[in-house]
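Here's the structure, in structure tokens; my notes come after.
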Protein chains: 2
Amino acid sequence: MLVSIDHSSSVSLAEQIAASVRRGLVDGSVRKGDRLPPARSLARTLDINMHTVLRGYQILKNEHLIDMRPGRGAVVTADAPASTLVTEACRHFVALAQRAGMSRTDILDLLHTQLHAATQGPPGLD
Amino acid sequence: MLVSIDHSSSVSLAEQIAASVRRGLVDGSVRKGDRLPPARSLARTLDINMHTVLRGYQILKNEHLIDMRPGRGAVVTADAPASTLVTEACRHFVALAQRAGMSRTDILDLLHTQLHAATQGPPGLD
DNA sequence: CTACTTGTTCGCATTGAGCTAGAACAACAG
DNA sequence: CTGTTGTTCTAGCTCAATGCGAACAAGTAG
């Protein structure tokens, strides 16, 4: 898995690390059961602080993508790469909607509308 | 048009103001040719600094949604912006989720998870 | 058991972004 | 002209992100 960071980006380093792992899940370079590099060593590699790496891992933990335990490290618990793609699409949708000033209710309404529209459509199983 | 701000939000005040105007454009309460409230008066109303309001207006100016001139104020120069982008993102999300075999409940759960994740920041929200 | 690894938690310093504050200035309307 | 409004400038404040160091807890390996 390739973890690269950009100090000049507006995205926080922790979020960039989390994004790298998500990308790895999508392209298959990271799979369920894999162990992420120890925070200390990855921090040394990227020349950033250990806490920053752990903060990135924590984001993934909150998303239930990995499990963390002292002594054992960070282990990927994600189900399927497809669900990660879906999650990414969901994240993108939420970010865009909130940027447009939509409330939580607005977002749910829009989703319901699309769900109804989609169920009337053809089965997209190809 | 209703402009409301939330000091506890992780979204900047300027961005919230811009979002309020965008929302107004979407729901029709703000139309092309309308004049936005003067920065000083809106700042007094919201009990925030004038510069913060101007920064929010500046965001909209950069998006070519409004035009600003001294003495005349901020005037809306565009019709409803591409809220279609949000809809498009939602449709993409739904399509991907359903192809992955997710049920309606799964989709709603995922959305709720992401809504919570997107709201994370200062402790004690929810 | 011990030794080592690794995540966890704590406190504190630094940096930059965001917000506030005040003032002076320029463009526009009446 | 006077008054309004955006623009620009300087300065200070707060807070999140990051960095740094240290101790601690849980797990692994011997």
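We name chains A, B, ... by the order of the sequence lines, and we start the count at 1 in each one. Only a predicted model underlies this, so the values are computations on that prediction, with no experimental measurement involved. All values below were derived from every heavy atom in this structure, side-chain atoms included, with hydrogens, water molecules and symmetry-related copies excluded.
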Open item on the list: Across nucleotides 1-15 of chain C, 5' to 3', mark each nucleotide with B, S or - according to how protein heavy atoms within less than 4.0 Å reach it.
Closed with: ----BBBBBB-----

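A/T52 has a side-chain polar atom (N or O) that falls below the 4.0 Å cut-off from OP1 or OP2 of D/dG19.
Rounded to whole angstrom, the span from the CD1 atom of B/I48 across to the P atom of C/dA21 amounts to 11 Å. Between the CG atom of B/L46 and the C1' atom of C/dG18 there is a distance of 16 Å, given to the nearest Å. The nearest whole Å value for the distance from the CG atom in A/N49 to the P atom in D/dA22 is 13 Å. For the pair B/R44 CZ and C/dA21 P, the interatomic distance rounds to 13 Å; values are reported in whole Å. In this entry the distance linking CD1 of B/I17 with C1' of C/dG18 reads 12 Å, nearest Å. Between the C1' atom of C/dA17 and the CD1 atom of B/I59 lies a distance of 13 Å, rounded to the nearest Å.
Partners of B/T45 under the side-chain contact (heavy atoms from CB on, under 4.5 Å) rule, at least two apart in sequence or in another chain, do not exist in this structure.
Closest non-hydrogen pair, B/S9 versus B/V11, comes out as OG-N, 3.0 Å.
Computed from C1' positions of five pairs at each end, the angle between the two local axes of the helix from C/dC1-D/dG30 to C/dG30-D/dC1 equals 30°, rounded to 10 degrees.
Nearer to the 5' terminus of DNA chain D, by closest-nucleotide assignment, is the contact made by B/S41 (compared with the other of A/R55 and B/S41).
A/E63 has a carboxylate O that lies under 4.0 Å from a charged side-chain N of A/R22, or vice versa, which qualifies the two as a salt bridge.
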